[in-house]
Amino acid sequence: MQKTFIDEDRFQSLLTNTPSPSTAMLADVLKKGRELKGLTPEEAAMLINVIDLELTEEIFDAARYIKNAVYGSRLVFFAPLYISNYCVNDCLYCGFRAGNPAMRKKLTMDEVREQTGCLIEMGHKRVLLEAGEDIGNNPVDYILDAIDAIYSVRNEKGEIRRVNVNIAATTAENYRRLKDKGIGTYQLFQESYHRPTYEKIHHGPKSDYRRQLYALDKAFEGGIDDVGMGVLFGLYDWRYEVLGLISHAAYLFDTFGTGPHTISIPRLRPAHSVNLRPPSPVSDSDFLRLIAILRIAVPYTGMIITTRESPEIREAAFRIGITQASAASSTTPGGLGKGRPKGAGQFELSDKRSLEEITVSAMKEGFMPSFCTACYRRSRTGTVFMELARPGDIQEFCGPNSILTLMEYMEDNASPESRHLGLEIINKTLEAIENASIKKQTEDKLARIRNGERDLF
Ligand code: SAM
Ligand code: SF4
């Protein structure tokens, strides 16, 4: 019997009974946050209950400080790759739900390779493979073949170097097979930690709350040490869900010696044949608050925002905690490339800009786009990654490696405008590297990339 880490009564009591903190109390908690020590659910509840606007600004300041201390200005880009919208579940929020009569599509391996080619053309190096749950149409063998197909594509713009996977909860044996295929992160969202809400909204095998809650344990059992968690915000009170995420992260850390690699924070979007209105809508300002609180609470964990959000919200979120963002997405299997069907995807997108437009705008805002996959390929995952990431030491690797992948993007994909901006950022970041030997190595590798070599890390 697994340890219980979601305690509804305790969460509700924390939210109701934790007072809005005084300036001095808040200063203590934020000091701990700035020391990268994370927050307990009790401390997070205190931040959640801040009502004073000036104190709220202090929360944002602390989140900004932590984001910079641990991750600098880097922003990692990836693209989802939807391979099948067959699904036996009827999750009331999802365009792939079984009750939606829309046409179903499952990519052939040729189509997987063709869609992968489209992403590589854009400049992507990381994909997140996505599929509905249907062991008849999307058995694990199909997923494994698709991973092989993605990794097999090489064109003049490069290759995909890391395939992360977001598929339904499965067995430890299947997780082992995914791990053996060389996946990066296995992501699975709890959607809602509030059991009554979870059970009301899900129908089919996914409606088993405990199956979802302990799926990441099974992933660890299967040898995957790099997992991502998430909540679908809008289903239930965001404040409760934040406590759920923090408790789940702490549970994984205590149980497996490593916390989640990423936390995703999707907000409910309209979708084809979905009538569900967000039962607990999250306003833009609360959304940014919850990102800041999570940033302070789990400083060593990457945070992902997707194209579900508008360019404006994404940019604000980058400053206060987001470390990874999707770009140039389609939620329709086969939807990438010109003249492709754009309808009947999983949900509606908000940021529809190209990868090029997104990188230019990120650079103008002072961020450094990164396509880095070095940690994964150097086997810096699980506890090894956490030991580096927790004290903030990962910067030493990330800065130089990100520069190299940005240089590749500049050489292979960039427009003149983005090239100009990118080279400026590369030079500035290079200048800031203090360790003379690392700086020299990075300069040498940059020269090799300019001479046509690729994939140096
Ligand atoms: N089918 C698998 C599952 O449900 O675990 C894989 C994940 S699904 C392809 C990706 C995620 O999209 C879901 O976990 C859910 O959080 C999110 N999602 C589904 N419908 C959505 C909607 N209408 N708006 C925003 N996100 C949605
Ligand atoms: Fe299927 Fe996942 Fe959509 Fe639920 S969220 S209907 S499991 S694809």
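Read the numbers this way: they start at 1 and go in the same order the structure lists the ligands and their atoms.
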Do you know the tightest heavy-atom contact between Ile160 and His124?
-> CD1-O, 3.6 Å

Sub-4.0 Å atoms of ligand 1 with respect to non-hydrogen atoms of Leu188 = 5 (O)

With a 3.5 Å cut-off and no angle check, do the side chains of Asn89 and His203 form a donor-acceptor pair?
-> no

Atom 20 (N) of ligand 1: the protein heavy-atom neighbour that sits closest, reported with distance to 0.1 Å = Tyr93 CD1, 3.3 Å

Please report which non-hydrogen protein atom sits nearest to atom 13 (C) of ligand 1, along with the residue it belongs to and the distance in Å to one decimal place.
-> Glu191 OE2, 3.4 Å

In the shown structure, where waters are left out, how many protein N, O or S atoms lie under 2.8 Å from atom 4 (Fe) of ligand 2?
-> 1

Report yes or no: does a heavy atom of Val274 sit under 4.0 Å from some atom of ligand 1?
-> no

Residue Glu130 vicinity, atoms of ligand 1 by number, heavy atom under 4.0 Å = 7 (C), 8 (S), 9 (C), 10 (C)

With no hydrogens and no angle check, do the side chains of Glu199 and Ser207 hold a donor and an acceptor under 3.5 Å apart?
-> no

Strictly under 4.0 Å, does any heavy atom of Arg267 approach an atom of ligand 1?
-> yes

Name the orientation class of the two ring planes belonging to Tyr409 and Phe371 (parallel below 30°, tilted from 30 to 60°, perpendicular beyond 60°).
-> parallel

Is Gln212 in polar range of ligand 1, meaning some N or O pair under 3.5 Å apart?
-> no

Asn166, any N or O under 3.5 Å of ligand 1 N or O = no

Per atom 4 (O) of ligand 1, closest listed option by heavy atom (Arg269, Lys206, Gln346) | Lys206

With a 4.0 Å heavy-atom cut-off (strictly under), which part of Phe347 contacts ligand 1: side chain, backbone, both or neither?
-> side chain

Would you call Arg454 and Glu156 a salt bridge, taking side-chain N to carboxylate O under 4.0 Å as the test?
-> no

Residues Tyr198, His202; criterion ring-ring contact (aromatic ring centres under 6.0 Å, His included); working and verdict = CA-CA 6 Å; Tyr198 184 93; His202 295 98; 4.0 Å; yes

Over 60° means perpendicular and under 30° means parallel, so classify the ring planes of Phe256 and Phe220, tilted if in between.
-> parallel

Hey, what's the ring geometry for Phe253 with Tyr300, parallel, tilted or perpendicular (30° and 60° as the breaks)?
-> tilted

Take Phe233 and Phe189, measure what ring-ring contact (aromatic ring centres under 6.0 Å, His included) needs, and give me the verdict at the end.
-> CA-CA 11 Å; Phe233 283 99; Phe189 306 158; over 10 Å; no

Ligand 1 to Arg308 polar contact by distance, N or O atoms, under 3.5 Å = yes

Are the charged groups of Asp90 and Lys206 less than 4.0 angstrom apart, N to O?
-> no

Residue pair Arg314 / Thr307, side-chain donor-acceptor N/O under 3.5 Å = no

cation_pi(Arg269, Phe347) dist<6.0 Å, angle<=45 = no

Ranking Gly132, Gly204, Ala131 by closest non-hydrogen atom to atom 2 (C) of ligand 1, top hit is Ala131

